[in-house]
Amino acid sequence: MAGRCGCEVEARRLQARQRRVLWIVLLLNAATFVLMVAAALSARSTALLSGALDNLGDALTYALSLAVVASSLRAKARVAMFKAAMILGAALAVAASIAWRLFVDPALPLFGTMGWAGAVNLTANLLCLVLLHPHRHGDVNLASAWECARNDIADGLAVLAAGAAVWWTGAAWPDLLVAGLLLGVFLRSAWRVSAAARKALARAGSPVQAG
């Protein structure tokens, strides 16, 4: 009985730590989403817009993760599957933005705005990654949050590279190229998260887990 109580206390402590981390990264991503949307519209940058959509998706992801911290493996796996769908939605939005810039409004992005907004976004993403790092091999809920945070680092670096390339070339194509690369990252991440969720659902439905 004492051992069981000790395990329950430790589980509650772990859940409290997970909630605290998820609240912090949720607020960071919500704040950077607002910043990035404003910067993307000002700079006419598809790469910045992709970063903004990624931050919005992450904020929603962390909110969902908070809701199921103490839930069953099946519930967490279903939420992870929904996260994969949101990542896929962000990818489709980036694809639509690329098409818009190519065929409707091929304006030259403002590299200065891309630079400072990308730097702020990357700093926030690095902080999120550090906070989630201890939980990267946890359950599917926290593991999928870690996957999102890791994508954000690639996103932040790519946006900075796009801004530098736009400045260097005086052309819009680096912004679209980086947005296209990020589109690939989103698609890969959606596949990885959905695959992990399917495995978790399979484990949740096994006789051992059910018992």
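Everything numeric in this text was worked out from a predicted model, so none of it was measured. Position 1 is the first residue of the sequence, and the numbers go up from there.
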Contact check, side chains of Leu35 and Trp116, non-hydrogen atoms, under 4.5 Å: yes
Cation over ring face, Arg198 and Trp191, 6.0 Å, 45°: yes
Which donor-acceptor pairs under 3.5 Å do the side chains of residues 163-174 make with protein atoms, sequence neighbours left out?
| unit_1 | atom_1 | unit_2 | atom_2 | d |
| --- | --- | --- | --- | --- |
| Thr169 | OG1 | Ala165 | O | 2.8 |
| Thr169 | OG1 | Ala171 | N | 3.2 |

Atom pair CG (Leu26) and CG (Asn29), whose distance is rounded to the nearest 0.5 Å: 7.5 Å
From CG (Asn125) to CD1 (Ile153), nearest 0.5 Å: 5.0 Å
Nearest-0.5 Å distance, CG of residue Leu27 to CG of residue Leu22: 11.0 Å
Crowding at CZ, Arg188 (>12 non-hydrogen neighbours, <6.0 Å): no
Heavy-atom side-chain proximity of Val159 to Asn121 below 4.5 angstrom: no
Atom pair NE2 (His133) and SG (Cys128), whose distance is rounded to the nearest 0.5 Å: 14.5 Å
Pair Leu187-Leu88, side chain to side chain contact (heavy atoms under 4.5 Å, CB included): steps then yes or no: CA-CA 6 Å; Leu187 291 173; Leu88 180 59; 3.6 Å; yes
Under 3.5 Å: donor-acceptor pair, side chain of Ser97, backbone of Ala93: no
Flag, side chain of Ser194 to backbone of Ala190, donor-acceptor distance under 3.5 Å: yes
Heavy-atom donor-acceptor pair, Asp175 side chain to Ala47 backbone, under 3.5 Å: yes
Cluster check Leu157, Leu126: I/L/V/M/F/W/Y, side chain < 4.5 angstrom: yes
Value rounded to 0.5 Å, distance of CG in Leu122 from OG1 in Thr32: 11.0 Å
Candidates Leu49, Asn55, Val120, Leu41 - the one meeting side chain to side chain contact (heavy atoms under 4.5 Å, CB included) with Met36: Asn55
Joint hydrophobic cluster, Trp23 plus Val25, side-chain heavy atoms closer than 4.5 Å: yes
Hphob cluster co-occupancy, Leu48 + Leu160, side-chain heavy atoms under 4.5 angstrom: no
Main-chain N/O of Leu110 paired with Arg44 side-chain donor or acceptor, under 3.5 Å: no
hydrophobic_cluster_shared for Ile98 and Phe103, side chain cutoff 4.5 Å: yes
Spatial distance of atom CG (Leu183) from atom OG (Ser50) [nearest 0.5 Å]: 9.0 Å
